[in-house]
Amino acid sequence: MAYDHRAVEGRWQAYWERHRTFRAERRPGRPKYYVLDMFPYPSGSGLHVGHPEGYTATDIVARYKRMRGFDVLHPMGWDAFGLPAEQYAIQTGTHPQITTEKNIGVFRRQLKSLGFAYDWDREVNTTAPDYVRWTQWIFLKLFHRGLAFQSEIPVNWCPALGTVLANEEVIDGRSERGGHPVVRQPLRQWQLRITAYADRLANDLDGLDWPETKQKQRDWIGRSEGALVRFPVKGSEAVLEVFTTRPDTLYGATYMVIAPDHPRTLELTTDAQREAVSAYVDAAKRKSDLERTTNKEKTGVFTGAHAIHPLTGAEIPIYTADYVLGAYGTGAIMAVPAHDERDFEFARKFGLPIVEVVSPDGTPRDRLDAAFTGDGVNVRSGLLDGLPTEQAKAKMLDHLEAEGIGRRQVSYKLRDWVFSRQRYWGEPIPIYFPVKTSGDPRRGDPHEIDYSKPIPLEEDELPLQLPELEDYRPGDPAGALTKALEWRFFQKDGQWFARETNTMPQWAGSCWYYLRYLDPRNTEEIFSEKSYDDWMPVDLYVGGSEHAVLHLLYARFWHKVLYDCGVVKHSEPFQKLVHQGMILGMVYRWYAVVDGDGKVLRALPGDDEDVVADKEHGGQILRSSGERVETRYLVEKEIQVRDGKPFHPEHGVLLVPVAEKMSKARGNVVNPDDMVHEFGADSLRVYEMFMGPLEQVKPWQTSGIQGCRRFLDKVDAVARRAADVAAADETERLVHRTVKKVTEDVEALRLNTAVSALMILVNHLAGLERVPRSAVERLVLCLSPFAPHLAEELWVEIQGQRADDPKLQADPAITIANQPWPTWDEALCVDEVVTVPVQVNGKVRGRVELHREADEATAREAALADEAVQKATAGKTVRKVVYVPGRILNLIVG
RNA sequence: GCCGAAGUGGCGGAAUGGCAGACGCAGCGGAUUCAAAAUCCGCCGAGGCAACCCCUCGUGUGAGUUCGAGUCUCACCUUCGGCACCA
């Protein structure tokens, strides 16, 4: 009964490869469609079932569009720079290039085994010299426009990884990859001036068809409007500038705070306070981001200095405190404790005055129990008194500008992008510096590198390739490449130079890969203008939401720079964006009561309500006894089933099935290779689409893929019964409705309901005495984007030919991939006679058969003829009739 | 704390404001079989009823709008994702 998926899938994958069926070509007069997947990092563990989810969705769209007559560009490549290959190199001495090649081989084989319609001739690899060349070329564009610059700034240094990380790569004070602690440390860095594009990056989101990611990016950019206000420092020429979004509260400023890492902090400090402030500044420097974020208790030290309030002339003290960040705004604030929670807390702790200047109802109060941060009416505010917040802000801004005390200012949370990494496996930065030396720095002779004079490589010197290294270990804050002396130092016109030893972050290659697909073998240009006009912009981009602010923000930034350089012609690269939801693995939960050494004392069922979170120490405890509890999991093959319920095989406690992120530690990882082997690629594809809405998080169930396999077997069986008989009216109507439904669902990426529509049609056809060939043909066409191998096979078989016929396999034209998509007749999609439910007072009491456009009188008459309706309306008067033809008849009686 | 998304059978999920639970999984009953697997047919939200019928309840909780609410409005609860001393 079951078809031989291994034979079928092997045959058609070979066919597509032999004939290059999915080569992307422009043909005159055809519309184009560029459908893009986020390309993978080829890790050593291979594909997991999350990858094929988005890839299948785009593949269905690509195949569908092709059948609709579009020229389709659907490429794939490798984001191959990255830490794991390098860590493996450190452990084994294998060059990352070799590991990377090997992993790419595995990924490519796995993707091909899923039958994706990629144009493999356009494969790109971010580590290939031919690709690196253009990444560096773009870097030079940035450099020449002043958008790439060096600075000595406190950066996120991750000692465990031996590199700095971008702000976007640090989560809760830990590295995004690996979860290692991150500390702030000043280092010479390359940065990209993404802040210069902050406004455009925020504003241009408006025109994009993107999900909630737009809001995330707006939040990350964090634009806020306010004022820059100048506070003179008492007894000094110095002026302290602050940024505030609440200029209306200026009269309430009772002290100031300067960040400990502000360059002028020690300068302001009086001699008497110098020792205390220095100690505080040093301590703040040593604090990791993790400590800063977990301990929010306010700390700070008085600098001894005072500022003059620019409006009242009052002297207010200047503190330093680490709740003010050196990197945001001006690194100093005016503190308004009455109207800012943080300032309120600090003022309470240090006994500083709290003066209300905005009152919710306009009545001044003397005591405040908490900061009032909302809008209200100004009090105790001189010229602002009686004004509501919005007007008070505007008036104060005008006043500040008129008096020359301050001005309007926009501030962003977004920081410039720290673009250098101290690792080996990345693109070298194509910059070098003059060196002062009396000997040969390659032999370790004394030398001095003048980092203030960066010299860019010429375009024709690209690519600058990585040197061979014996030791890939990171740790040198100047970068792992410092060890490649022969590579690093060189002579030109008798003068010594040193190459930049930092490399680019992994994001560099993925910032522009979608452009290289246009013309991947071009050795003269990054891509030809014609190839750009042929395919850009990307019509549909699908990938994980974990890239919502990282990759997607960086890529948009580079694209805009290239736009300004005249390299690209659109201001945005990705018109429509969709994030596929993560696929979770099933595990079975139980609780273990453990002692101090982690030994299991006894087991508890997975739904035990006595288990609660331990708020003091983290983890979980028993509410009744306070004993420590750990959550443990079993995987499906370890459990014991009794009466249809899962139990622990040793402890015998009831298990609770839960969906968790797939991880090696939990043992709930599903390998697509196993699924392809056992059920076939088509079954995997159909199941991943059938699981639920594309964007949603979904738990994997192996029994589910089995159901999809049954569906495909049924299609196979039905198709083989195809005969030359006319389709009955009912069948023909269902076929039309199915074609319509599948078409509309694919267009809207509702792939789960498209599959279910196909199931309904197959179930219908399977129940027929004789199966009309015309119906099967359209079924197979609609199925082909979802299950392309089986569809190819059946497409030739239902025409009475043998799929394994070598002559047929040699013919590039027989593929179903180039067949026109079936059409439907709208008139056949609506039924003439429909069953209309009859409600009495909103409750369904009967059903009547009516023409879909029957008038109200007819409907009412038919309804009142129904026995059940008569019973429900007996002895009552019909007061009102609500009738929607073809949908509902509601009789209101009383 | 702030922003965003979501709560529907045993499970995944479906429903232009109009018969809640399509389709699939699991389960139950039957056919086939020496038997099993596979396959095919039927049942499958909860409660009531001797009973097909039928009746009542039912889409996180509580209000509201409406002839009619899973769907719209407000408040709340829970879960997930993101951000988090951003002045």
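In the text below, chain A, chain B and the rest are named by the order of the sequence lines, each starting its count at 1.
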Without decimals, in angstroms, what is the distance between [X] [atom1] and [N] [atom2]?
X	N	atom1	atom2	result
A:W210	B:rG4	CH2	P	19 Å
A:N841	B:rC67	CG	P	12 Å
A:Q215	B:rC3	CD	P	11 Å
A:R879	B:rC67	CZ	C1'	14 Å
A:L712	B:rC23	CG	P	18 Å
A:H764	B:rC23	NE2	P	14 Å
A:D866	B:rC54	CG	P	11 Å
A:Q839	B:rA69	CD	C1'	12 Å

NE2 on A:H579 to NE2 on A:H547, rounded to 0.5 Å: 10.0 Å
Residue pair A:Y319 / A:V301, side-chain heavy-atom distance below 4.5 Å: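 The answer is no, as the side chains (C-beta and beyond) never meet within the 4.5 Å cut-off.
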RNA chain B: 5'-proximal contact among A:K880 and A:D340 (nearest heavy atom):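 On the 5' side of the pair lies A:K880.
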5' precedence on RNA chain B between A:E341 and A:R246 (nearest-nucleotide basis): A:E341
Could you tell me how far [M] sits from [N] if I compare only their [atom1] atoms? Round to whole Å.
N	M	atom1	answer
B:rA26	B:rC67	P	46 Å
B:rG1	B:rG12	C1'	35 Å
B:rA51	B:rC44	P	16 Å
B:rA50	B:rC54	C1'	14 Å
B:rU66	B:rU61	P	23 Å
B:rA22	B:rU32	P	29 Å
B:rG21	B:rU8	C1'	7 Å
B:rA84	B:rC74	C1'	28 Å

Hey, does [X] reach any base, or is it just sugar-phosphate, or nothing, if we go heavy atoms under 4.0 Å?
X	answer
A:S224	sugar-phosphate
A:V884	base
A:G329	nothing
A:D343	nothing
A:I892	sugar-phosphate
A:K843	sugar-phosphate

N/O (side chain, A:R887) to phosphate O (OP1/OP2, B:rC67) under 4.0 Å: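 No, outside the criterion.
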Can you identify which nucleotide, out of [options], has its nearest atom closest to the [X] side chain?
X	options	value
A:K216	B:rA84, B:rC3, B:rG81	B:rG81
A:I888	B:rC19, B:rA87, B:rG24	B:rC19
A:N763	B:rC83, B:rG24, B:rA87	B:rG24

A:Q870 versus A:D866, side-chain donor and acceptor atoms under 3.5 Å: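 Side-chain D/A pair, A:D866 to A:Q870: absent.
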Side-chain ion pair, [X] and [Y], N-O less than 4.0 Å:
X	Y	answer
A:R737	A:D831	yes
A:E744	A:R750	no
A:K349	A:E297	yes
A:R348	A:D343	no
A:R589	A:E660	no

Protein-to-nucleotide contact annotation, 5' to 3' order, nucleotides 9-15 of chain B [B base; S sugar-phosphate only; - none; under 4.0 Å, heavy atom]: --SBSS-
Side chain to side chain contact (heavy atoms under 4.5 Å, CB included) partner of A:V881, chosen from A:N890, A:I892, A:L889: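 Testing each of A:N890, A:I892, A:L889 against A:V881, the sole residue satisfying side chain to side chain contact (heavy atoms under 4.5 Å, CB included) is A:L889.
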Heavy-atom neighbours of A:E747 CD exceed 12 at 6.0 Å: yes
A:E546 CD: over 12 foreign heavy atoms closer than 6.0 Å: yes
Given A:Q215, A:R223, A:K216, the one that forms side chain to side chain donor-acceptor pair (under 3.5 Å) with A:D219: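 Only match with A:D219 under side chain to side chain donor-acceptor pair (under 3.5 Å): A:Q215.
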Chi class for B:rG7: syn within 90° of 0, otherwise anti: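 Here B:rG7 takes the anti form, which means its glycosidic angle is more than 90° from 0.
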Ring centre gap for A:F346 and A:Y323 strictly below 6.0 Å: yes
A:Y412/A:W220 aromatic ring centres below 6.0 Å: no
Interface polar pairs with nucleotides 26-28 of chain B, N/O, under 3.5 angstrom:
from	atom 1	to	atom 2	distance (Å)
B:rA26	OP2	A:R710	NH2	3.3

Watson-Crick or G-U pairs under 3.5 Å in RNA chain B, rendered as dot-bracket with [ ] for crossing pairs and | for another strand: (((((((..(((.....[....))).(((((.......))))).((((.....))))..(((((..]....))))))))))))....
